[in-house]
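Worksheet for the structure shown next.
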Amino acid sequence: MSAQNRPARKIAVEEAFSIPAHMDELKRAADAYTGTEDGDLLLAKRQTGGGEMTKSLLDLDGRRLELMDEAGIDLALLLITAPGVQAFSSQDGVRIARQVNDTMAELVSRHPTRFAALAAVAPQAAAEAAKEIERAMTTLGMKGVVINSHTNGEYLSEEKYWPLLEAAEAHDAPIYIHPRSPIPDMAKAYLPDNLSHAIYGFQAETGLHGLRLITGGIFDRFPKLQIVLGHAGEGLPFWLDRIDYMYAKPRGRRVLKHRPSDYFMNNFSVTTSGMNWHAQIRYLIEKLGSDHVMFAADYPYQIMLEEVAQLDSAPIGDADRENIYCRTAERVFKL
Ligand code: MN
């Protein structure tokens with residue numbers, strides 16, 4: 001990429017952080033856990049142990065800003081690291097989500113050109129989550145919501161979560177469905193060879209969640225709702241044609257107004273977090289169009305410089321690179 005066709009801005013949209021109140025509660029839950037199946041709490045034992053990852057997650061505008069400068073990332077869209085507040089009780093989840101959002105609003109007000117943020121909410125308290133979405137989008141100036149896939153083994157297609165979807169639609173808040181480990185009913189299958197996390201389990205869990213929203217008729221009920229999926233759309237873009245083909249057969253599935261892929265094209269956009277490989281980027285552009293694709297570095301789980309270098313060197317047109325680096329995110333998240 002030559003100097004003259006550098007994109008207007010480089011925006012990274014899936015950048016994780018924590019705050020002490022969240023880290024402490026997650027550490028308490030992880031330390032108390034003696035089982036072998038909860039992939040999130042097992043991972044949290046490492047992430048909350050006080051090492052480099054703990055420090056990187058808690059650093060908001062120190063080293064993080066230096067790394068962004070080194071990588072040429074202008075703006076980071078921050079989200080609470082997985083599993084957010086979804087492993088906590090309703091009461092703790094609601095309380096800590098508010099603290100997270102207040103801290104983020106303050107950080108963004110100090111660095112308005114470098115940071116924007118997605119709101120943390122506790123889906124296990126759906127009515128409170130709906131209120132927090134309203135507060136985050138109106139008073140706090142946030143750009144959407146992050147939900148870390150399942151909540152107590154359930155997906156957002158369940159009716160009890162609809163108040164939250166209704167609030168997101170009403171306040172124009174895209175919901176970033178970020179991965180966490182597979183639901184408890186599936187957890188055992190991922191334990192051999194430690195497959196619960198980013199190597200495969202995250203994607204299988206979160207792709208299924210996205211599909212369940214479509215097949216659950218959520219977008220017939222909430223037609224303006226916008227969902228963002230990371231990791232190249234958690235595999236779904238590769239499956240859309242087969243899903244349409246199979247959905248057309250009478251197999252006892254719900255009657256939808258449109259084909260599954262139509263909802264994906266109208267109600268979803270995807271990011272390149274952890275998937276900035278050239279073949280994957282080119283496929284996303286061909287299948288979805290670059291106006292549905294956004295760059296993410298997935299810091300601190302991936303290395304900013306490496307992710308930027310991959311997209312910079314991708315054999316794609318400058319207009320597509322501009323869309324992926326900034327134009328799509330500017331539209332989807334109003335940045
Ligand atoms: Mn991530």
Side-chain angles (χ1 to χ4, degrees), residues 13-14 144 147-150 155-158 165 168-169 174-180 182-183 186 198-296 298 311 314-317 319-321 323-324 327-329 331-333:
V13 299
E14 189 195 306
I147 291 177
N148 292 282
S149 202
H150 75 84
Y155 294 134
L156 295 171
S157 47
E158 301 288 331
L165 303 182
E169 186 187 45
I175 299 179
Y176 202 126
I177 302 187
H178 185 277
R180 66 181 293 191
I183 58 169
M186 285 296 292
I199 186 170
Y200 196 83
F202 283 174
Q203 170 272 127
E205 157 67 19
T206 315
L208 177 62
H209 194 164
L211 180 60
R212 284 280 300 275
L213 296 182
I214 294 173
T215 59
I218 287 302
F219 304 103
D220 286 339
R221 181 168 291 268
F222 304 105
K224 290 192 305 172
L225 182 64
Q226 289 298 312
I227 302 293
V228 179
L229 293 176
H231 314 94
E234 310 293 0
L236 285 177
F238 199 77
W239 278 86
L240 290 177
D241 294 300
R242 184 158 166 87
I243 292 168
D244 280 350
Y245 180 87
M246 290 296 169
Y247 210 91
K249 297 174 186 293
R251 294 283 189 275
R253 298 184 185 106
R254 180 188 310 262
V255 175
L256 297 173
K257 288 187 184 160
H258 307 285
R259 293 177 306 173
S261 67
D262 294 329
Y263 299 101
F264 200 85
M265 295 306 298
N266 289 325
N267 297 92
F268 287 72
S269 32
V270 309
T271 85
T272 65
S273 50
M275 292 287 274
N276 281 292
W277 287 288
H278 293 175
Q280 282 80 346
I281 299 271
R282 289 163 71 186
Y283 179 78
L284 293 178
I285 293 171
E286 177 171 345
K287 188 66 193 164
L288 308 178
S290 58
D291 58 341
H292 283 71
V293 184
M294 299 176 264
F295 172 74
D298 209 3
L311 183 53
I316 60 176
D320 285 331
R321 199 176 341 262
N323 275 344
I324 296 173
R327 298 304 175 207
T328 306
R331 177 175 52 78
V332 171
F333 292 113

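For this chain, numbers begin at 1 and follow the sequence in order. Just so it is clear, the model here is predicted, and its values are computed rather than measured.
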Would you call the rings of Y176 and H178 parallel, tilted or perpendicular, where under 30° means parallel and over 60° means perpendicular?
tilted
Under 3.5 Å, which donor-acceptor pairs do the side chains of residues 204-214 form with other protein atoms, sequence neighbours left out?
{"unit_1": "E205", "atom_1": "OE1", "unit_2": "Y155", "atom_2": "OH", "d": "2.9"}
{"unit_1": "E205", "atom_1": "OE1", "unit_2": "I183", "atom_2": "N", "d": "3.2"}
{"unit_1": "E205", "atom_1": "OE2", "unit_2": "S149", "atom_2": "OG", "d": "2.6"}
{"unit_1": "E205", "atom_1": "OE2", "unit_2": "H150", "atom_2": "N", "d": "3.4"}
{"unit_1": "E205", "atom_1": "OE2", "unit_2": "Y155", "atom_2": "OH", "d": "3.4"}
{"unit_1": "T206", "atom_1": "OG1", "unit_2": "F202", "atom_2": "O", "d": "2.7"}
{"unit_1": "H209", "atom_1": "ND1", "unit_2": "S149", "atom_2": "OG", "d": "3.1"}
{"unit_1": "H209", "atom_1": "NE2", "unit_2": "L156", "atom_2": "N", "d": "3.1"}

Those residues that, when tested against D262, pass salt bridge (charged side-chain N to carboxylate O under 4.0 Å, His left out) (two or more places apart)
R259
For P237 versus L288, what's the shortest heavy-atom pair and its separation?
CG-CD1, 4.0 Å
Is a side-chain donor or acceptor of H231 paired with a backbone partner of G274 at a separation under 3.5 angstrom?
no
Count the heavy atoms of every other residue, nucleotide or ligand shown that sit under 6.0 Å from CZ of R221, and state whether that count exceeds 12.
no
Please check if atom CZ in R242 has more than 12 non-hydrogen atoms from other residues, nucleotides or ligands closer than 6.0 Å.
no
Can you name the nearest heavy-atom pair linking K224 to N267, along with the distance?
C-ND2, 4.3 Å
Distance-minimising heavy-atom pair for V270 and A232
CB-C, 4.3 Å
The criterion is salt bridge (charged side-chain N to carboxylate O under 4.0 Å, His left out); which residues satisfy it with D291, sequence neighbours excluded?
none
Establish, yes or no, whether a centroid distance under 6.0 Å links the rings of H258 and Y263.
yes
Main-chain N/O of N323 paired to T328 side chain as donor or acceptor, under 3.5 Å
yes
OG1 of T271 to CD1 of I324: how many Å apart, nearest 0.5 Å?
11.0 Å
Minimum heavy-atom distance A329-V13, with the two atoms named
CB-CG1, 3.8 Å
Within-4.5 Å side-chain heavy-atom neighbours: E14 and V228:
no
Find the distance between CE (M265) and CG (L240) and round it off to the nearest 0.5 Å.
8.0 Å
Would the distance check show the side chain of R327 and the main-chain N or O of S290 forming a donor-acceptor pair, the cut-off being under 3.5 Å?
no
Would you mind reporting whether F268 and I177 have side-chain heavy atoms less than 4.5 Å apart?
no
Identify the heavy atoms of T272 and A296 that sit nearest to each other, and give their distance.
OG1-N, 3.2 Å
So, taking the atom named OG in S269 and the one named CG in L284, what distance separates them when rounded to the nearest 0.5 Å?
11.5 Å
Going from CD on E234 to CH2 on W239, what distance comes out if it is rounded to the nearest 0.5 angstrom?
15.5 Å
Should we count CZ of F222 as having more than 12 external heavy atoms under 6.0 Å?
yes
Can you tell me how far CZ of R321 sits from CD1 of I285, rounded to the nearest 0.5 angstrom?
8.5 Å
Decide if atom CE of M186 counts as having more than 12 heavy atoms of other residues, nucleotides or ligands within a radius under 6.0 Å.
no
Modelled atom types, side-chain donor and acceptor of D298 and S273, under 3.5 Å
no
F264 and L236, any side-chain heavy atoms less than 4.5 Å apart
yes
I281 and its side-chain contact (heavy atoms from CB on, under 4.5 Å) partner, picked from V293, D320, N276
N276
Atom CZ of F295 and atom CG of L311: how far apart are they, to the nearest 0.5 Å?
6.0 Å
For the residue pair F238 and Y283, categorise the inter-ring angle as parallel (less than 30°), tilted (30 to 60°) or perpendicular (more than 60°).
tilted
Could you report the tightest heavy-atom contact between P223 and E169, atom names first, then the distance?
N-OE2, 3.1 Å
Donor-acceptor contact present, side-chain R282 to main-chain I316, <3.5 Å
no
